Amino acid sequence: MIFVHDKGRMANNMLQYGHIYAWGREHGRQTVSIRFAYKYPWFHICHTPHHNFLTYVFAKYAAKWGLIPTVSFDEEDVDYSREEQLMLSRRMILVEGWYARWYDLFLKYKPEILQLFAFDEAVEQKAKERLGDMWGVRLGVHIRRGDYATFQGGRFFYSDEQYVRIIRDYYDHCYPKERLNVYICSNDPNLDKDYYRERLSNFFVYFPEGNPAEDLCLLSKCDNLMGPPSTFTLVASMYQNQPLYWIEDPDKAVMPSDFKYFDDLFRHII
């Protein structure tokens, strides 16, 4: 059994576990996500064998007390063949670290990973209610604030004015003749929603304000996605292969060719 000690937030945990799950499937090893054993109850994986609080407690303290070994993938571009051999040879082991990555295996087992992270019916229903039956193009926007004020020196911390310009730019260059419906998800509790409604008054603008899984599910059902480089929009794009525009230069004109797909973007996480 490989216990996966996920780190970071929900979307990070999904990607990290997906890589190790794929490696385990390729080598005939069973895996369990410690984080999805207790913290995020909104996915199919949470109802699969061994994903429960007792497993979380056992794995956490067995590793802490040295009863099972731990291997870490904490550095980029390192030869981890020794760690992989330990993963093959030990009956129980805990694996952690952001750089446990096997891109080709992830894509090989991607359908199974998507099944594991299928949303519970209650989450699906909530997303459908919030999307409604609006016709036109659905644009999902992720406004990341909070930790992005300091992440990489605030490089991807954009103002409301910049987001509004980017959304308008998207409309002008990508869908100038379509009705545009904008669904904005954010981790900023003080987001000035009225500002967006006023500046984007010719579009339908909606703020879902669901829990993380509900927002992720809603974004996964939009036609196009945009936001600063983040695993949240990346995972949202994974479900139905929606085109995603990672905003790296807020002053750049948004063109249709700027939208990319999960299978390429997940190899280039910043």
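Treat the numbers as computed from the prediction; the structure is a model and nothing was measured.
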Task: Working for ring pair (Phe, Tyr, Trp, His ring centres under 6.0 Å), residues Tyr170 and Phe259 - done: CA-CA 11 Å; Tyr170 163 84; Phe259 286 79; 5.7 Å; yes
TODO: Identify whether Phe58 and Val71 are in the same connected component of the hydrophobic contact network (ILVMFWY, side-chain heavy atoms under 4.5 Å).
DONE: no
- [ ] Report the relative orientation of the aromatic rings in Tyr206 and Phe204; use parallel for angles under 30°, tilted for 30 to 60°, perpendicular for over 60°.
- [x] parallel
Open item on the list: Using modelled atom types and a 3.5 Å cut-off, is there a donor and acceptor pairing between side-chain atoms of Gln16 and backbone atoms of Gly97?
Closed with: yes
Open item on the list: Tell me if a side-chain donor or acceptor on Arg144 pairs with a main-chain N or O of Phe156 at a distance below 3.5 Å.
Closed with: no
TODO: Please confirm whether the backbone N or O of Tyr245 pairs with a side-chain atom of Asp258, one donor and one acceptor, at under 3.5 Å?
DONE: no
TODO: Check whether any side-chain heavy atom of Phe43 sits under 4.5 Å from a side-chain heavy atom of Met10, and report yes or no.
DONE: yes
Open item on the list: Using ring pair (Phe, Tyr, Trp, His ring centres under 6.0 Å), reason through Tyr103 and Phe106 one step at a time and then give a plain yes or no.
Closed with: CA-CA 5 Å; Tyr103 297 109; Phe106 190 109; 8.3 Å; no
Task: Check ion pair Arg82-Asp79 (N to O, under 4.0 angstrom) - done: no
Task: Donor-acceptor under 3.5 Å (Tyr17 side chain, Asp6 main chain) - done: no
Task: Asp188/Lys193 ion pair, N-O < 4.0 Å - done: no
Task: Tyr158 and Tyr163 aromatic ring geometry - parallel, tilted or perpendicular at 30°/60° bounds - done: perpendicular
TODO: If the plane angle is over 60° it's perpendicular, under 30° parallel, otherwise tilted; pick one for Tyr40 and Phe36.
DONE: tilted
Open item on the list: Please determine whether ring pair (Phe, Tyr, Trp, His ring centres under 6.0 Å) holds for the pair Tyr109 and Trp102, giving the CA-CA distance in whole Å, both sets of side-chain angles, and the decisive distance to 0.1 Å.
Closed with: CA-CA 11 Å; Tyr109 294 102; Trp102 296 274; over 10 Å; no
Task: Check: Arg138 main-chain N/O paired with Asn181 side-chain donor or acceptor under 3.5 Å - done: no
Task: Electrostatic pair Asp172-Arg168, nearest N-O below 4.0 angstrom - done: no
Task: Sidechain-backbone polar pair: Tyr99 side chain, Asp74 backbone, donor-acceptor under 3.5 Å - done: no
- [ ] Can you measure from NZ (Lys60) to OG1 (Thr55) and round to the nearest 0.5 angstrom?
- [x] 14.5 Å
Open item on the list: Please determine whether a side-chain nitrogen of the Lys or Arg among Asp160 and Arg199 lies less than 4.0 Å from a carboxylate oxygen of the Asp or Glu.
Closed with: no
Open item on the list: Here's a test for you: under side chain to side chain contact (heavy atoms under 4.5 Å, CB included), which of Thr231, Leu107, Val235 qualifies with Phe266?
Closed with: Leu107
Task: Flag, side chain of His44 to backbone of Ala118, donor-acceptor distance under 3.5 Å - done: no
TODO: Please tell me if the side chains of Arg130 and Glu214 come closer than 4.5 Å, counting only heavy atoms from C-beta onward.
DONE: yes
